[in-house]
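The structure appears right after this line, and notes come after that.
Along the sequence shown, residues carry numbers from 1. Quick caveat: nothing in here was measured; it's all calculated off a predicted structure.
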Amino acid sequence: MSQRTYVSDLPQAIGQTVHVAGWVRFRRSAGTKLHFLEIRDGTGVVQTVVRRGSVPDEMLDAASKVPLESSVLVTGTIKEDARQAGGVELQADTFEVVAACPEDFPIGKKEHGTGFLFDHRHLWLRSAKPAATLRLRAHIVRACRDHLDGLGFVNVDAPIFQSAAAEGTATLFPVEYFDQKVYLSQTGQLHMEAAAQALGKVYCFGPTFRAEKSKTRRHLTEFWMLEPEMSFAHLDDSMALMESLIGHVIDHVLEHCQDDLKILERDTSALERARPPFPRISYDDAVERLKGTDAEIAWGDDFGAPQESTLSAAYTGPILVHRFPAKIKAFYMRPDPERPELALGCDLIAPEGYGEIIGGGERASDLAYLEHKIAEEGLPPEAYTWYLDLRRYGGAPTAGFGMGLERVVAWLGGLDHVRAAAAFPRTMSRTWP
C-alpha cells in the first residue's frame with residue numbers, strides 16, 4: 001500500500017487505478033454477483049462496487065459476507081458518479097480482508113445510552129459524529145496556533161507538575177513526586193508570565209486539571225487550554241486578542257469544516273452571525289441587566305450558567321464582560337486603579353447558552369500587592385518565590401487569558417456536553433477507557 005490514496009483525494013483521481021485502505025461501514029448485495037460496500041478511512045467514505053468478473057471469485061465471496069468494521073484493502077478504478085459522496089465510486093479489481101471484525105460489534109444501529117457509548121468510547125469514535133467532532137477540534141487547534149503564530153507569539157510549553165496553585169487550592173490534584181508533594185497543573189499562566197518577560201508574546205497549549213466536583217455539561221476534570229500572555233499589555237489588549245482569536249477561529253471553521261458541521265447538524269447561520277465585533281459589558285451593567293430575571297444576583301456574586309445564559313440571550317454572538325469584583329477573581333489579577341474593588345479581568349461568554357469560554361485580563365505587577373494577596377489567601381509564600389521574582393527583577397505589566405478548548409469545540413459544533421468534545425473525556429466518574 002505504498003501508493004495508497006486517501007478517500008478525500010479520490011475526486012482528483014477519476015479514471016485512475018488507486019489503492020484504498022479502510023473499514024467497512026455498510027454493505028448490501030444485489031444477488032450473488034454484485035456487492036456494494038461503503039469504506040471509510042478517516043478522511044471520507046467511498047462506495048465500492050465489487051462485481052463478478054471484475055475480481056476473483058474468492059474475493060467476491062469475501063466481499064459478500066465481510067462483517068461491518070472489518071479492515072480491508074481495495075484496488076480499483078475511480079469512476080465519476082454524482083450520486084455518491086464525493087461524486088465518485090470505486091470499481092474494485094481486488095478486495096482483501098485485513099482483519100475481519102466479529103459479528104457482535106458492540107455499537108450497532110440500535111439506540112444506545114450515553115453511558116454505554118462512553119464506556120465504549122474507543123469504538124464509538126468510529127461513528128460519524130464523534131469522528132466529525134475530532135476533525136473539528138483539530139481544525140480549531142490549527143486555527144488558534146495559526147492566528148497566534150501569525151501575530152508573532154512564541155509557543156512555550158508549560159510544565160504539568162507544578163508546586164503551587166494559581167486558581168485556588170480547592171481544585172488541585174495532588175501527586176506524590178519522589179519525596180515531595182506537587183500538583184497537576186491548573187493553568188500554565190504563571191509560567192507564561194515568566195516566558196513573556198523573556199520573549200514578549202508567548203502562549204502555551206496543553207492539558208490542565210481541575211478537581212472540581214461538578215457534573216454540569218460545561219465541566220471536565222482534564223481539559224486543554226490555550227493561554228497567550230503579552231508583556232507591556234493591559235486589559236484592553238487582552239480583550240482585543242480574545243476577539244480577534246475567536247473571530248479567526250469562526251472564519252476558519254466556516255471555510256474548512258462545512259462537511260463536519262453538516263454531520264453534526266450544526267446551524268452554521270448561527271456561527272455566521274457570531275463574528276466580531278463583540279459587545280463589551282461591565283460587570284456593573286451586567287448585574288443591572290439581570291435584575292428582575294430568574295438569574296438576578298447581588299453585586300459581588302460570581303456568574304454561573306443562569307447568569308451567563310441570560311446575559312448572552314440578547315446577542316447573536318459572544319459578549320465580553322469585564323471588571324469583575326476583585327474578591328471573586330484570582331490573587332494575581334490587577335485591581336482597577338480607579339476602583340480597587342474591581343479586578344481588570346474579562347470573561348468572553350459564548351451565545352446559545354454555552355457560557356464562558358475564555359477568562360483573563362491584566363496581571364498585578366506590584367510586588368507588595370501580590371505579597372499581600374498571597375498572605376491574605378493563605379497561600380504558602382515559599383511556593384511563589386519564583387513568581388514574585390518576576391516583579392522584583394524588571395517585571396513589566398502583562399496581560400493574557402485562558403481559552404478552554406473543549407468549550408469552544410462544544411459551542412462551534414453545537415454539542416450538548418463538553419465531554420463529547422474530547423476523544424477520551426475525564427469527569428468525576430469517568431477515567432476509562
Name the orientation class of the two ring planes belonging to His252 and His139 (parallel below 30°, tilted from 30 to 60°, perpendicular beyond 60°).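 Correct class here is tilted.
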
Does the plane of the ring in His112 sit parallel, tilted or perpendicular to the ring in Phe116? Use 30° and 60° as the thresholds.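 Answer is parallel, since the angle falls under 30°.
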
Should the pair [X]-[Y] be classified as a salt bridge under the 4.0 Å nitrogen-to-oxygen rule?
X: Asp389; Y: Arg392; answer: yes
X: Glu308; Y: Arg407; answer: no
X: Lys329; Y: Asp302; answer: no
X: Asp284; Y: Arg339; answer: yes
X: Glu341; Y: Arg323; answer: no
X: Asp366; Y: Lys373; answer: no
X: Glu265; Y: Lys129; answer: yes

Indicate yes or no: at least one non-hydrogen side-chain atom of Phe205 is less than 4.5 angstrom from one of Leu405.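 Yes - at least one pair of side-chain heavy atoms lies under 4.5 Å apart.
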
Phe331 ring center near Tyr384 ring center (under 6.0 Å):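 Yes, the ring of Phe331 comes within the 6.0 Å limit of the ring of Tyr384, centre to centre.
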
What I want to check is whether the side chains of Asp347 and Tyr283 have a donor and an acceptor closer together than 3.5 Å.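 No, no side-chain donor-acceptor pair sits under 3.5 Å.
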
Do the side-chain N and O atoms of Gln197 and Glu193 include a donor-acceptor pair separated by under 3.5 angstrom?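 Not at all, the side chains of Gln197 and Glu193 share no donor-acceptor pair under 3.5 Å.
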
Apply side-chain contact (heavy atoms from CB on, under 4.5 Å) to the pair Arg419 and Thr114, showing each step before the final yes or no. CA-CA 11 Å; Arg419 65 189 170 199; Thr114 299; 3.3 Å; yes

Among Arg27, Arg25, Arg40, find the residue that satisfies the salt bridge (Lys or Arg N to Asp or Glu O under 4.0 Å) test when tested with Glu69.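 Exactly one pass, corresponding to Arg40.
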
Nearest heavy atoms of Pro279 and Pro318, plus distance in Å: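 Smallest heavy-atom distance, with atoms named: CD-O, 3.4 Å.
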
What is the minimum heavy-atom distance between Pro228 and Phe153, and which atoms define it?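 Reported closest heavy-atom pair: CB-CE2, 3.9 Å.
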
Passing option when Thr171 is tested against Lys213, Gln186, Arg210 for side chain to side chain donor-acceptor pair (under 3.5 Å):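 That would be Gln186; it is the only one of Lys213, Gln186, Arg210 passing the side chain to side chain donor-acceptor pair (under 3.5 Å) with Thr171.
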
Can a cation-pi geometry be assigned to Arg217 and Tyr354, taking NZ or CZ under 6.0 Å from the six-membered ring centre and within 45° of the ring axis?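 Checked: cation-pi criterion met.
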
